[in-house]
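See below for the structure under consideration.
Keep in mind the model is a prediction, meaning the values are calculated, not measured.
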Amino acid sequence: MIISGASILRPLDIRILESSQPLSAGRRYDLLCQSSGSRPPAKVTWYRDGQRLENTKETTSQDGNMTTSTLSLVPNKYDSGRRLSCRAENPLINESTPLFSDDWDLHIQLVKEKEGGEEEEEEEEEEEGEKKKEERRRKEGEGGEKRREGEGEGEEKEKEKEKEKEKEKEKEKEKEKEKEKREGEERRREGEEKEKEKNNKTMTMTKNKKK
């Protein structure tokens, strides 16, 4: 399938469904992430604290507008405080373009069995989870600085491109002015030549009459 440049679009949005719910350690979950607006359909990937997760499958709606990625995940107690990210990108657009992303700070509950076989969930409040949160915040701060620097460089490049376009337009205008000037000079010279020729004929006719 051939796709024209005009029909290549970036993803408009991405979101992890039901990302507010806590998860229980040791249980399997099928987590959904949806992205829309990309043409061709977006490529959706999952990450946990920046490490890519592979146990996923992807489907696309019939009209090609919506991409749904399903991640099969069995969290453990050490995942509490980690960040789960779902990212969308158009495979035909340069990778330097900022990706659309939705993040979920995992909250993991421990599951214990009572004597009667019933399960009881307790919130994971371990110090290691807090350390991971702090480390993630630090990385986010560093990443934010890099993103801002990258965005600044991108803006500068765009400004340079605009300046180059303006220069090209000015050159074109100068060329048009030069062309008009040359044509005006040529018309003036032609007019002068015709005027001289007319005067010469008039003088010749006058001389002939005198004779």
Side-chain angles (χ1 to χ4, degrees), residues 8-38 41-59 66-112 119-161:
I8 298 176
L9 301 174
R10 297 178 182 176
L12 294 178
D13 63 75
I14 186 169
R15 59 193 179 96
I16 301 173
L17 305 185
E18 299 181 2
S19 58
S20 60
Q21 63 173 335
L23 304 179
S24 298
R27 291 183 179 177
R28 181 176 296 278
Y29 294 89
D30 288 332
L31 307 178
L32 301 180
C33 180
Q34 290 183 337
S35 176
S36 63
S38 177
K43 178 182 178 183
V44 179
T45 50
W46 291 83
Y47 294 82
R48 179 170 53 196
D49 277 355
Q51 183 177 2
R52 184 167 175 173
L53 303 174
E54 301 293 345
N55 195 16
T56 64
K57 59 182 179 179
E58 200 170 276
T59 58
M66 179 76 71
T67 301
T68 302
S69 178
T70 304
L71 170 68
S72 182
L73 179 70
V74 181
N76 57 53
K77 64 180 182 178
Y78 302 109
D79 286 327
S80 191
R82 287 183 173 179
R83 169 158 289 187
L84 191 67
S85 301
C86 180
R87 303 176 186 175
E89 61 180 323
N90 186 319
L92 297 185
I93 295 179
N94 193 309
E95 292 182 358
S96 64
T97 304
L99 303 179
F100 281 82
S101 176
D102 189 23
D103 302 320
W104 178 5
D105 293 332
L106 294 175
H107 184 64
I108 309 301
Q109 296 177 336
L110 292 180
V111 178
K112 293 183 179 181
E119 291 184 344
E120 177 183 54
E121 295 188 352
E122 295 182 357
E123 295 186 356
E124 177 64 25
E125 298 290 346
E126 295 185 356
E127 182 180 353
E128 186 171 352
E130 291 300 322
K131 289 181 179 179
K132 288 177 182 176
K133 286 182 181 179
E134 186 63 31
E135 181 67 17
R136 177 179 51 74
R137 293 192 192 100
R138 184 183 63 80
K139 289 181 179 179
E140 282 179 352
E142 294 174 354
E145 288 296 329
K146 291 180 180 179
R147 283 195 297 272
R148 284 191 290 274
E149 290 175 3
E151 290 171 358
E153 292 176 359
E155 290 176 359
E156 288 297 325
K157 289 180 180 179
E158 288 297 325
K159 288 180 181 179
E160 289 297 326
K161 288 181 181 179

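Nearest heavy-atom pair, Pro91 versus Pro41, reported as atom, atom and distance to 0.1 Å: CD-O, 3.8 Å. When every heavy atom of Lys43 is checked against every heavy atom of Glu58, the shortest pair comes out as C-OE1, 4.2 Å. Residues Arg87 and Ser101 come closest through the heavy atom pair CG-OG, 3.8 Å. Shortest non-hydrogen contact noted between Leu23 and Pro75 is CB-CG, 4.1 Å.
Residues Asp105 and Arg136 form a side-chain contact, since some pair of their non-hydrogen atoms from C-beta on lies under 4.5 Å apart. Side chains of Ser80 and Leu106 form no contact here, defined as non-hydrogen atoms less than 4.5 Å apart. Counting heavy atoms from C-beta on, the side chains of Val44 and Cys33 come closer than 4.5 Å. Looking at Asn90 and Ile8, their side chains come closer than 4.5 Å, going by heavy atoms from C-beta outward. Contact check for Ile108 versus Tyr78: no side-chain heavy atoms found under the 4.5 Å cut-off. In this structure, Leu17 and Gln34 have side chains that are in contact, with non-hydrogen atoms separated by less than 4.5 Å. Proximity of Glu155 to Glu158: side-chain heavy atoms (C-beta onward) are nowhere separated by under 4.5 Å. Residues Leu31 and Trp104 have side chains in contact (heavy-atom distance under 4.5 Å, counting atoms from C-beta outward).
Trp46 and Ser85 share no donor-acceptor pair across their side chains, judged by distance under 3.5 Å alone. In summary, the side chains of Ser72 and Arg28 do present a donor paired with an acceptor at a separation below 3.5 Å, with no hydrogens or angles considered.
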inquiry  = Let's go through Leu71 and Leu53 carefully: what are the C-alpha distance in whole Å and the side-chain angles of both, what is the deciding distance for side-chain contact (heavy atoms from CB on, under 4.5 Å) to 0.1 Å, and is it a yes or a no?
reply    = CA-CA 8 Å; Leu71 170 68; Leu53 303 174; 3.8 Å; yes
key: Chi angles and distances behind the side-chain contact (heavy atoms from CB on, under 4.5 Å) call for Asp13, Ser36   = CA-CA 6 Å; Asp13 63 75; Ser36 63; 2.8 Å; yes
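For the atom pair OG of Ser38 and CG of Leu92, the computed distance is 8.0 Å after rounding to the nearest 0.5 Å.
Not a single salt bridge (Lys or Arg N to Asp or Glu O under 4.0 Å) links Asp102 to another residue, sequence neighbours left out.
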